[in-house]
2 protein chains.
Amino acid sequence: MDQHRSGCPINLTLEILGDRWSLIVIRDVMFGNRRHFRELLGDSEEGIASNILSARLKRLVAEGLLSKSSDPSHSQKSIYSLTEPAIALVPLLVQMGAWGRRYMPVSKELSIRAQLLEEGGPAMWQGFMDELRHIHLGAPAPDKSVLEELQAAYQRVVAEEAAST
Amino acid sequence: MDQHRSGCPINLTLEILGDRWSLIVIRDVMFGNRRHFRELLGDSEEGIASNILSARLKRLVAEGLLSKSSDPSHSQKSIYSLTEPAIALVPLLVQMGAWGRRYMPVSKELSIRAQLLEEGGPAMWQGFMDELRHIHLGAPAPDKSVLEELQAAYQRVVAEEAAST
DNA sequence: ATAACTGATTGCATAATGCAACTGGTTGTC
DNA sequence: GACAACCAGTTGCATTATGCAATCAGTTAT
């Protein structure tokens, strides 16, 4: 991908994110706060293969969507962080979630977060992006945590599902 | 793609649209009003190959994002139309355009429409979607045409560019 | 010393993409 | 009726991407 196919914004976004795994990786870093290779490898619903994950992480770092730093607690351990361009994908991911929720056979547990973000609107997205800037870029912490709110809602649905079976 | 990887809305959207061509085809039908195979094949900036276009059209029809009908003026001619799920992709495409415009090396002519849609906000998107429902689904025509507005702005920028060289 | 954990890499099969040529049919023009 | 232009694709072949399982070398905890 040295040359671009065209200068169209939709096309250029597609050239970077238009495959079946890149946004899955970003989603897991963003919503699951998975920062290490093994976390991304093992804990994902979709089961990405290690060579694909390796290739994706490399490409996303090269494209400037992720940054890689070393974990002081373990000399071999790498931490992947979102960059500002990746954080700016929040509205796009919300729209993807909203569309999937409306037209695809989503599961209840895995769509509650998409629902909350859709209903929360741009104000909530901004709050979430501020929180991501805190977590990944060292910006000051916002007053309240959207991530915790989403996580709590997810746990609530999982508990409900478990209770009803 | 018989079985889904997970019930996550983002993943499911990715399973259908996560490749380098599907959204290009939908973009051309939506914004360029290209309804025939040859129009989609030849007039695209990116130059899709005919076998890929053929495969994508088949898949998009099978997935319910496009519908195919025959043109009464030419027994062999097929017309592809957007379905409601495809029209519902407008906010997603707008976000893709907005992100690409901010972080990728877009060209001036090809990003003016993305800019107008981004600045126009949800009200403009709804107007555009109503117009698409008119064009593709036979719904009543809305008062004003967003498509014409976008096209006029595009022509204006092309003329400016031509004048300055 | 050893076992578990770290971020990967390797080998191999299958699937997707890219490119160019070609097919079978239809329509309009002379 | 002959002929060129147009229509929606298909075919063959090379390259690239994906999927899966096994493996690797260094690091840390017991």
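As the structure is a prediction and not an experimental result, all values here were calculated from the model. Below, read A as the first sequence line, B as the second, and so on, with proteins coming before strands; counting in each chain starts at 1.
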Whole-Å gap separating [atom2] ([N]) and [atom1] ([X]):
| X | N | atom1 | atom2 | result |
| --- | --- | --- | --- | --- |
| I52(A) | dA15(C) | CD1 | P | 15 Å |
| L57(B) | dG9(D) | CG | P | 7 Å |
| R38(B) | dG25(C) | CZ | C1' | 13 Å |
| Q76(B) | dG9(D) | CD | P | 9 Å |
| L41(A) | dT9(C) | CG | P | 13 Å |
| R20(B) | dT15(D) | CZ | P | 19 Å |
| H74(A) | dA29(D) | NE2 | P | 7 Å |
| L53(A) | dC20(D) | CG | C1' | 15 Å |

[X] side chain near [N] phosphate (N/O to OP1/OP2, under 4.0 Å):
| X | N | answer |
| --- | --- | --- |
| K77(A) | dA8(C) | no |
| S54(A) | dT9(C) | yes |
| H36(B) | dC7(D) | no |
| K58(A) | dT9(C) | yes |
| W21(A) | dG19(D) | yes |
| Y80(A) | dA8(C) | yes |

Interatomic spacing from CZ in R133(B) to CD in Q126(B) - rounded to 0.5 Å: 6.5 Å
Stacked cation flag R35(A) on Y80(A), 6.0 angstrom / 45 deg: no
Can we say E149(B) and K144(B) salt-bridge, meaning some charged N sits less than 4.0 Å from an Asp/Glu carboxylate O? yes
Keeping the roles fixed (side chain from W125(B), backbone from L117(B)), state whether a donor-acceptor pair exists under 3.5 Å.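 Yes: the side chain of W125(B) pairs with the backbone of L117(B).
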Between E131(B) (side chain) and V146(B) (backbone), is there a donor-acceptor pair under 3.5 Å? yes
Select from S73(B) and I79(A) the residue whose nearest nucleotide in DNA chain C is closer to the 5' end of that strand.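 Nearest-nucleotide comparison on DNA chain C picks I79(A).
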Starting at the 5' end of DNA chain C and moving along, which residue's nearest nucleotide shows up first, R5(A) or S78(A)? S78(A)
On DNA chain D, nearest-nucleotide positions of G47(A) versus S50(B): which is more 5'? S50(B)
Looking across every strand, which nucleic acid part, if any, lies under 4.0 Å from R56(A) by heavy atom: base, sugar-phosphate, or nothing? sugar-phosphate
